[in-house]
Structure formats: structure tokens, C-alpha cells
Amino acid sequence: MATKNKLNYYLTIGITIIISTACVTYQSKVKIEKKYSYNEQYEPLIEDLISKMTLEEKTGMLHGFGMFVSGGVERLGIPEFHYTDGPNGIREELHRHSWEPLNLNNDYATFFPTGSALAATWNKEMAYAYGEAIGLEARARNKDMLLGPAVNIMRTPLGGRTFEYFSEDPYLNTRVAVNYTQGVQNQNVAVCVKHFAANNQEYQRNSISVEVSERALREIYLPAYRAAIEEADAMGIMGAYNKFRGEYLCQHSYLNNQVLKNEFGFKGMVVSDWGATHNTVTAALGGLDVEMGTFTPGQNYNNNYFGHPLRDSVLAGVVPIEVINDKVRRILRVMYNLNKMNGNRIQGELASPKTTQTAYNIASESIVLLKNDNNTLPLNIKKHKSIAVIGLNAKQSQAKGGFTAGVKPIYEITPLEGLQNKLKNKATIRYAQGYEQEFEVKDNWRTPPVNTPNRALLDEAVQAAKSSDIAIIFAGNTREIETETLDRTSLDLPFGQNELIQAVSAVNPNTIVVIIAGGAVNLGICKQSASAILYAWFNGSEAGNAIADVLLGAVNPSGKLPFTIPEKLSQIGAHAFDSLSYPGLNGVVQYKEDILVGYRWLDKHEITPAYPFGHGLSYTTFSYSQPYLNKTVFRPDENINISVKVKNTGKISGKEVVQCYMGITQSNVLRPVKELKAFAKTSLKPGTEDIVELSVNAHDLAYFDEKEMNWVVEPGLYKLYIGSSSRDIKGTTQFEISR
Ligand code: BGC
């Protein structure tokens, strides 16, 4: 930018700051704070307790004495430790010694939007609020450790647990993970960040061995764990089921001891996934601290790997006592820092006005408007008086299913109920089921969904759509389709929904499709047929209120996709190779796309997806100025400060996520074209503007050099992209990193 222009720009910025501060209305009530950090004063108390314990008392603290409880030492006043699933709500109470529910009448909780929905808010305050609310509910149910957040990278959209995870992008992943962790831990509840590490598929999850380059591991798969530890003092990490480079993750000394504990400085406890411990000595020396969920016949927990066998290994001189002391120290450190030892803890609240409001806020900010031809949305109820609501997903609960990520909600508003509540007598709703939810039965297991349409239900839906002004089809997946233990076999919409969408759109030009899903689905037919498409997730107890508010315009959508929606599976890096790359061959899965996960692959190969990472429309429009940098040349440790002016050029208030990507223009090593390095969400009234300030430390532009085993910031020319999505780039500029 020429100097004169720069001057003008800064003058404009100065003036606009004054104007925009007066006009911006978005007042967040969420205060992100890091109250929690380990208190050194507890360390002598911990050492004193350890010195008083017998070996058997020590090993008694290192394994489960029930499904969700590990041992204490009554004699010394050390209580048992209580765990709870999971990432999207406090799970119902189970029998102490089995997975059987106790069917109590007071073990409900708020069902919070699942992981991908939270990430779709692209709002750090929402991630903090989520953690705070779920932490409060965990306390109200008297839990010590929440088994979440789940931060594995969405390597493939087929992954059964994609709905639990946040993103295909490590930076978005870290921001959500850090703020979620702080929110939880500020309520005297520990997180257990899971599933460490490179656990990116459910297919053969108990045995598959992941082969991935050290570079991809460091750049893509580890950042969220590292950030949750370094920035938020995460107190728990859960080891995954699978193997990594031939060794089970719960006994992987390199990852648990070297990377997690030594390099990242993790001071809390490594907990096994349930039933993921395979060995006594290797696991004890391999960095595992607590063995959970091992099948324990006759409830004789002392027979667990870390029970008497571990005691005996110490007595035989195979496992040094200091290894045991370190594990006990970590557990006691967590207990002390949670105030569990002095009982001075936050009481918590369950399904309270505050926690349900949080569930609503997140749900309403997570919904992504993918397409909106001719401003079909928001609905104009003055003009359109009759609505056909079609599809089982309009009416069914999404709280349960998905295995361990199910919640027993005290209530759950379905989309149909949400619309009925908001519309009352203002419009007529005709409901039609539209499709049948059938599964092929294979080996007594419900696998893949039947994809042929049910003609009678389809015809009924077409009739309803024909005689209504608007048709809204609630399509997508179910919690049985997207679930722990099973990867999907296809991205296609199940149960003949494509035919349904085509047939309904053919008779009603105002057809809106609302996708209820946690991961990407194939939207080919939907994109061609429907006038508007919303992605509305497995969105928690308040899902129906949130979607109704978005449809009716009370909430202007501001969610952005946390992953790519490909046109076909082969557009995704993991699926661009042979079966060794996915789902794996002979017990090994090799991450052949290496660092090019998610949009990084599509950028490099110039592939256009159905909807790109970061995409999401609004009912208003925004204009962007060119990005402005504080300097043009930066040292490798300097902050790069970016400002960009965003204006709401439409007629209603709205929120926009300003996304900042960066990439080096020339390099001797493989580098992505661009990578997300910062983002901010701004809220603007019509006609007002905001200067969005972003800051990136040049060090965050480093790549991981496998030979040196270190991060390297390459000197050279970098391109900066400011976008409303990863493909809707509003402005670019360049800067240099000096030596
Ligand atoms: C899951 C974990 C969960 C644990 C306890 C396992 O099957 O992988 O995510 O926290 O069970 O329910």
C-alpha cells in the first residue's frame, strides 16, 4: 500500500474505531478466564501422603474399582475418584460394576450440542461457556473428571466419532479445546482430553496401527493436546484404543512419557480408554497412570493389570517404585487442585437457567446457512401461511445413541416442537414423516442404512408439500449412523432422502433442507434441488428452539463449517489413495496424505468441494477492506498484527467470522497453500463497521523439521488471506519473515 493510502487508511481506521465502538452492540456476557493453574503449595502435602502409603495402597489408586470410579485410601483420607462421560453432557448413572443404566429419576442433564456444532460457532467465548456449563453440571452430579473434550482431528468424514470432534483444522481445534478446558476446570472439575493420539477412525479401533509422519503428527494431530496442556493446564489425558507405530497408545512410552510429559510438561494423569490397557509392565513404564474399564470378572479389581500384578512387578524389581510414586503424585495433584481433598468445591447446577441458556446460545450460533437462493430464508410468515414439515429428524430425539456420548436429557426440544411453539397460530404446519428409518441387519449389528425410499411416505410428503407455501425437510443422519465403534460406509444421505428432496422440490419451489448430522454428508442432489440448506447438527436440548429461531429470522445464522463438505469422498486426502490409507490393510492404516488434511489437500490439488471449510452465509451481507499489517518485515519471533475493516452492508444485525489464513509463497519443503492462523467473530448492526484486530506470532508459521526434530520458521515471502471462508477470500497481502 502506498504511504499516502496507508495514511488515509489509518485515519479512516481511527475514525471508524470511534464510530464502531459506539455502534457495536454485541456484548458478550461470557468472561473467559484462566483461574485454574497448578498450585505448588500442594506439592509437599502430596509428598507427605505418598511417604505414608503402602505399596498396595499406591497401586490401589491406579485402577478402577467400578466402571467410573478409581480407588482411594480411606485410612489416609484419600477419597475415590469419579469420572463421567462425556463430551456433550453428563451421562446418566450406570451400575457401579457394569454398563447397565441405574434408571434413576435424578440423573438427567442438559444435552449440549455435540463437538462439531460447538466448533461451528467459531466463537471462543462459546467454547468457554460450554465448558463452564458442562463443568457446573458435572459438579452438580458430584463428578471429578469429565471424559472430554474429544479433540481428534477429522481425518475422514466417515469416522464414526466425527460428531464428537471439533474440526479438520488444528488451529480451530486448539482454540475450542483450550477454552472448553478452562471453562470446565474453573468449576473444580478436571477435563480428560481424548483420545490421545492419532485416533481418527472407528474401523478396527481396538487393533489398527497408525503410521503417520512425525511432521504430520506434530502439525496436525497433536496441537490441541499440547495447547490444552500448555495454555489451560488440562489435568487429564485419555489414551486411545488403537496402536501407533505398532504399539498400543496406552503403553506408548514415546508419546506418553517423552512427548506428553517431558516435552509438553503434562503434570496430570494419563487415563486409559475403557478397556484399552493390555499389559502391566509395558503400560506402567509406558506412561499410563490409571487403568480404567478393564473387564473384571467377579468384580475382583485387584486382578486388573495395575492391581496386584503391578504390585508384584514392583516387588520383583521390574517396575521401579518411583514410577508408581509418580503416578500417585499425579492423581493426588489433580485431587488437591480440584479442592477434592478439602471439600471446598463448587456445588454446581443441573439443567439450570444458566446451563440451558448456554445450550441455546451455542445451538443458535452453530447453525450454518449453506445456501439461500432468492432469500428463501428467513421465512416470511406474513406471506407464507402454510408449512409442510417433513422428515423423522424433525421429530426425533438426538440425545441418545453414539454409545458413550449419549445423554439422558431432562428435556429436548425437537425442530417440530420448536416451530410449533414459535408459530402458534401464525401459520399451519402439516407434518409428514417422509422416509422410513431402516437398517440392513448384518451380524446382529445395525449397519448400513437402507437407502431405498418408502414410496407411500414419500407420496404423502409430496402431497403435504404441494398444498403448502413452504416445505422444510429435516434430513441427515441419526445417532445410530454416526456412532462410536462404527465408521460410516458412505457419505450419502440415508433412507432414500435424496429422492424425497428431489420429489418435494419438484412440487414446491420454496423447499428448505435442514441437515441434522455431526459430520459431512453428500449434498450433491440437495444442492441442485433445494432453495435453501441449513446445517443444524445434533444440537442438544435446545436444538428445536434454535433452528426455529434461525428459520424464522429471530436469529441470524453465523455458524461456519468446521470441516469441508466434499462433492465426493475422493476429494478428501485420506480417500485419495488405496485402502492402506483408509480404512487400513492388514492391521495398519497409513496416513498417506500426510500434512495435507482437510482443506489443505483440496487447496494443494485445486479441488472445488461442495462447500469449503469455513463456509457459512448470513441473512445480511458484509464488506471487507483490504487487510492492513503493522509492518511488512517480521523477525521469526515477532507478532504480526493484522487489521481489517468489516461492514454490515445489509438491513439486519449479524455476526461474521473473519478468517485469517497464511502460507509461504516458496519453500523447499512441502507446505500447504494456506493454513488458518487466526479468526475472530464480530457482531454488527446494519450499516455499522468494526476494525477486527488479529495477531499471529511469526513462530506459529513454523513447520516441523523431522530431521532436526524441531520447529522451523522459514524466512521468505508469505501471503496472508482474509476470508469469509477458506475459499471466499476478501483480501490478500504479503509480508516477509526475516532470518
Ligand atoms: C470411549 C471413551 C469413553 C469411555 C467411557 C470408551 O468406549 O472411547 O470416549 O469416555 O468409553 O465411557
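What you see below is based on every heavy atom in this structure, not just the backbone, and it leaves out hydrogens, waters and symmetry mates. Just follow the structure's listing: the first ligand is 1, and inside any ligand the first atom is 1. Keep in mind that this is a model prediction, so the values were computed, not measured. For this chain, numbers begin at 1 and follow the sequence in order.
Residues Trp122 and Phe613 bring their aromatic ring centres within 6.0 Å.
Look at Glu132 and Lys354 and you find a salt bridge, because one of the NZ, NE, NH1 or NH2 atoms lies within 4.0 Å of a carboxylate O, short of that distance. The pair Arg311-Glu57 fails the salt-bridge criterion, with no side-chain N (NZ, NE, NH1 or NH2) lying under 4.0 Å from an Asp/Glu carboxylate O. A salt bridge links Asp144 with Arg345; the closest basic N to acidic carboxylate O contact falls under 4.0 Å. With respect to Glu93 and Lys408, no salt bridge is recorded, no charged nitrogen being found less than 4.0 Å from a carboxylate O.
Among protein heavy atoms, the minimum distance from atom 6 (C) of ligand 1 is reached at Asp273 OD1, 2.9 Å. Closest to atom 5 (C) of ligand 1 among all protein heavy atoms lies Asp85 OD2, 3.2 Å.
Contact atoms of ligand 1 toward Arg161: 1 (C), 2 (C), 8 (O), 9 (O) (distance under 4.0 Å to a heavy atom of the residue). Listed by atom number, the atoms of ligand 1 under 4.0 Å from Arg91 heavy atoms are 12 (O). Close approach of ligand 1 to Glu484 (heavy-atom distance below 4.0 Å) involves ligand atoms 1 (C), 6 (C), 7 (O), 8 (O). In summary, the atoms of ligand 1 found under 4.0 Å from a heavy atom of Lys194, numbered by their order in the structure, are 2 (C), 3 (C), 9 (O), 10 (O). Residue Arg205 approaches ligand 1 through these ligand atoms, each under 4.0 Å from one of its heavy atoms: 7 (O), 8 (O).
Listed by chain and residue number, Asp85 satisfy the salt bridge (charged side-chain N to carboxylate O under 4.0 Å, His left out) test with Lys194 (two or more places apart in sequence, or in another chain). Scored by the ring-ring contact (aromatic ring centres under 6.0 Å, His included) test, His278 finds Tyr248 as partners (sequence neighbours excluded).
Proximity of His195 to ligand 1 is established by a heavy-atom distance of less than 4.0 Å. Residue-ligand proximity: Met238 is placed with a non-hydrogen atom under 4.0 Å from ligand 1. The shortest heavy-atom distance from Met67 to ligand 1 is not under 4.0 Å. Proximity of Glu202 to ligand 1 is not established, as no heavy-atom distance is less than 4.0 Å. The shortest separation from a heavy atom of Phe68 to ligand 1 is under 4.0 Å, placing the residue in contact. For Tyr241, the heavy-atom gap to ligand 1 drops under 4.0 angstrom.
Residue contacts with ligand 1 for Trp99 involve side-chain atoms from C-beta outward but no N, CA, C or O (heavy atoms, distance under 4.0 Å).
Stacking of Arg155 on the aromatic ring of Tyr582 is not recorded, the 6.0 Å distance cut-off and the 45° axial limit not both being met.
Side-chain contact between Trp274 and Leu147 is present, with heavy atoms from C-beta onward closer than 4.5 Å.
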